[in-house]
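None of the values given here were measured: they were computed from a predicted structure. When a residue number appears, it is its place in the shown sequence, counting from 1.
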Amino acid sequence: MSRLLVMLLLLVVSGCDKGLDTTVSGNTSKGRTISETVEPSGYILRYGIFSKVSGGNPIESPETSTGKALSKLVMTFIRETDRIPIKKDALLAYQYRLSNLPDTPTIKLRRVLKHPPFTLPDGTVNTGSDYTITRRVERNEVFAYDVYALNEDYEMVEGEWVFQIYYGDTLLVEQRFVTYWAESTPGEIDK
């Protein structure tokens, strides 16, 4: 009997997990059916200091602040904080979850980054980037990371960094970090 209940419970749970419809229907007190759209939403799962495990090779990426991005970066979470000490190869990173998205294999999102001004090698001053990213959708949700690595000397500036992910004109998640110069011994900030 207990096996039957467990199997029944599994069937009910798996039946509920087939994907979300972005329309909710119900009955009003007068017997009319109403229908409302569930808006896409998002939240930050974790943020702070991450450490590179492997990969992270620079590639050309003209839409970014520096014209470069990291490919195939594998990282590990160190500590939750919104204050990031400046050091070579520091990663400002966060993981986010977006929900109530259209039932499509992929989705286009807008990724915005605002950061303190820094001067690129060609003499131009940059304060951020704004471009389209494509993310994989599963069960009407996206789970992803957004990362910025302080690889170059000119990127190592103090101030506020604001990361945003939009769906259309709707801001779904925003994460803020403050970078600062700190006196530390090697490995101290990774504790």
Handout entry: Tyr96/Tyr43 aromatic ring centres below 6.0 Å
Key =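 Between Tyr43 and Tyr96, which both carry aromatic rings, the centre distance is not below 6.0 Å.
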
Problem - Check: Tyr148 ring centroid to Phe163 ring centroid under 6.0 Å - result: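 So the answer is no for these two rings.
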
Please round to the nearest 0.5 Å and tell me the distance separating atom [atom1] of [X] and atom [atom2] of [Y].
{"X": "Arg136", "Y": "Thr104", "atom1": "CZ", "atom2": "OG1", "value": "12.0 Å"}
{"X": "Met156", "Y": "Asp89", "atom1": "CE", "atom2": "CG", "value": "7.0 Å"}
{"X": "Arg83", "Y": "Arg176", "atom1": "CZ", "atom2": "CZ", "value": "15.0 Å"}
{"X": "Asp130", "Y": "Thr64", "atom1": "CG", "atom2": "OG1", "value": "12.5 Å"}
{"X": "Phe143", "Y": "Gln95", "atom1": "CZ", "atom2": "CD", "value": "8.0 Å"}
{"X": "Ser54", "Y": "Met75", "atom1": "OG", "atom2": "CE", "value": "11.5 Å"}

Problem - pair Gln164-Leu172: side-chain heavy atoms closer than 4.5 Å - result: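 Counting from C-beta outward, Gln164 and Leu172 never come under 4.5 Å.
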
Exercise for the section: Could you check if a side-chain atom of Pro85 sits within less than 4.5 angstrom of a side-chain atom of Ile49, using non-hydrogen atoms only? Expected result: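 A side-chain contact under 4.5 Å exists here.
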
Practice task
Identify the residue among Leu98, Asp103, Thr106, Ile107 that makes a side-chain contact (heavy atoms from CB on, under 4.5 Å) with Val137.
Solution key: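 Testing each of Leu98, Asp103, Thr106, Ile107 against Val137, the sole residue satisfying side-chain contact (heavy atoms from CB on, under 4.5 Å) is Ile107.
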
Problem - Sequence-distant partners of Glu63, salt bridge (Lys or Arg N to Asp or Glu O under 4.0 Å), two or more places apart - result: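 Testing Glu63 for salt bridge (Lys or Arg N to Asp or Glu O under 4.0 Å), a comparison that skips the adjacent residues, returns none.
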
Handout entry: With sequence neighbours excluded, residues passing salt bridge (Lys or Arg N to Asp or Glu O under 4.0 Å) with Arg111
Key =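 Residues passing salt bridge (Lys or Arg N to Asp or Glu O under 4.0 Å) with Arg111: Asp146.
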
With a 3.5 Å distance limit and no angle check, can you tell me whether [X] reaches the backbone of [Y] through a side-chain donor-acceptor pair?
{"X": "Thr179", "Y": "Val157", "answer": "yes"}
{"X": "Asn126", "Y": "Phe118", "answer": "no"}
{"X": "Asn140", "Y": "Leu101", "answer": "yes"}
{"X": "His115", "Y": "Gly128", "answer": "yes"}

Problem - Pair Lys108, Thr134: side-chain N/O donor-acceptor within cut-off below 3.5 Å - result: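 A pair is found: one side chain offers a donor N or O, the other an acceptor, under 3.5 Å apart.
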
Problem - Asp122, CG: over 12 other non-hydrogen atoms inside 6.0 angstrom - result: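 Enclosed.
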
Problem - Whether over 12 other heavy atoms sit under 6.0 Å from Glu60 CD - result: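 No, CD of Glu60 has 12 or fewer neighbouring heavy atoms, counting only those of other groups under 6.0 Å.
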
Indicate the atoms forming the closest heavy-atom contact of [X] with [Y], along with that distance.
{"X": "Gly48", "Y": "Phe177", "answer": "N-CE2, 3.7 Å"}
{"X": "Lys52", "Y": "Leu91", "answer": "N-CD1, 3.8 Å"}
{"X": "Pro116", "Y": "Glu160", "answer": "CD-O, 3.2 Å"}

Applying a strict under-4.5 Å side-chain criterion to I, L, V, M, F, W and Y, I'd like to know whether [X] and [Y] cluster together.
{"X": "Val178", "Y": "Trp181", "value": "no"}
{"X": "Leu45", "Y": "Leu109", "value": "no"}
{"X": "Val173", "Y": "Val162", "value": "no"}

Exercise for the section: Could you walk me through whether Gln175 and Leu92 pass the side-chain contact (heavy atoms from CB on, under 4.5 Å) test, one step at a time? Expected result: CA-CA 10 Å; Gln175 179 60 48; Leu92 292 75; over 6 Å; no

Exercise for the section: Kindly give the cluster partners of Tyr166, where membership spreads through any ILVMFWY side chain lying under 4.5 Å from a current member. Expected result: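 Grouped by the 4.5 Å side-chain rule, Val112, Leu171 form the rest of the cluster around Tyr166.
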
Handout entry: Members sharing Val53's hydrophobic cluster (side chains within less than 4.5 Å)
Key =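 Val74, listed by chain and number.
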
Problem - Ion pair Glu152/Lys68, N-O distance below 4.0 Å - result: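 Yes, this pair counts.
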
Problem - N-O pairing of Arg46 and Glu80 below 4.0 Å - result: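 Looking at Glu80 together with Arg46, the answer is no, because their closest N to O distance does not fall below 4.0 Å.
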
Exercise for the section: Not counting sequence neighbours, which residues clear ring pair (Phe, Tyr, Trp, His ring centres under 6.0 Å) with Phe77? List them please. Expected result: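 Phe77 satisfies ring pair (Phe, Tyr, Trp, His ring centres under 6.0 Å) with Phe50 only.
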
Handout entry: ring pair (Phe, Tyr, Trp, His ring centres under 6.0 Å) partners of Tyr47, counting only residues at least two apart
Key =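 By the ring pair (Phe, Tyr, Trp, His ring centres under 6.0 Å) rule, Tyr47 matches no residue at all.
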
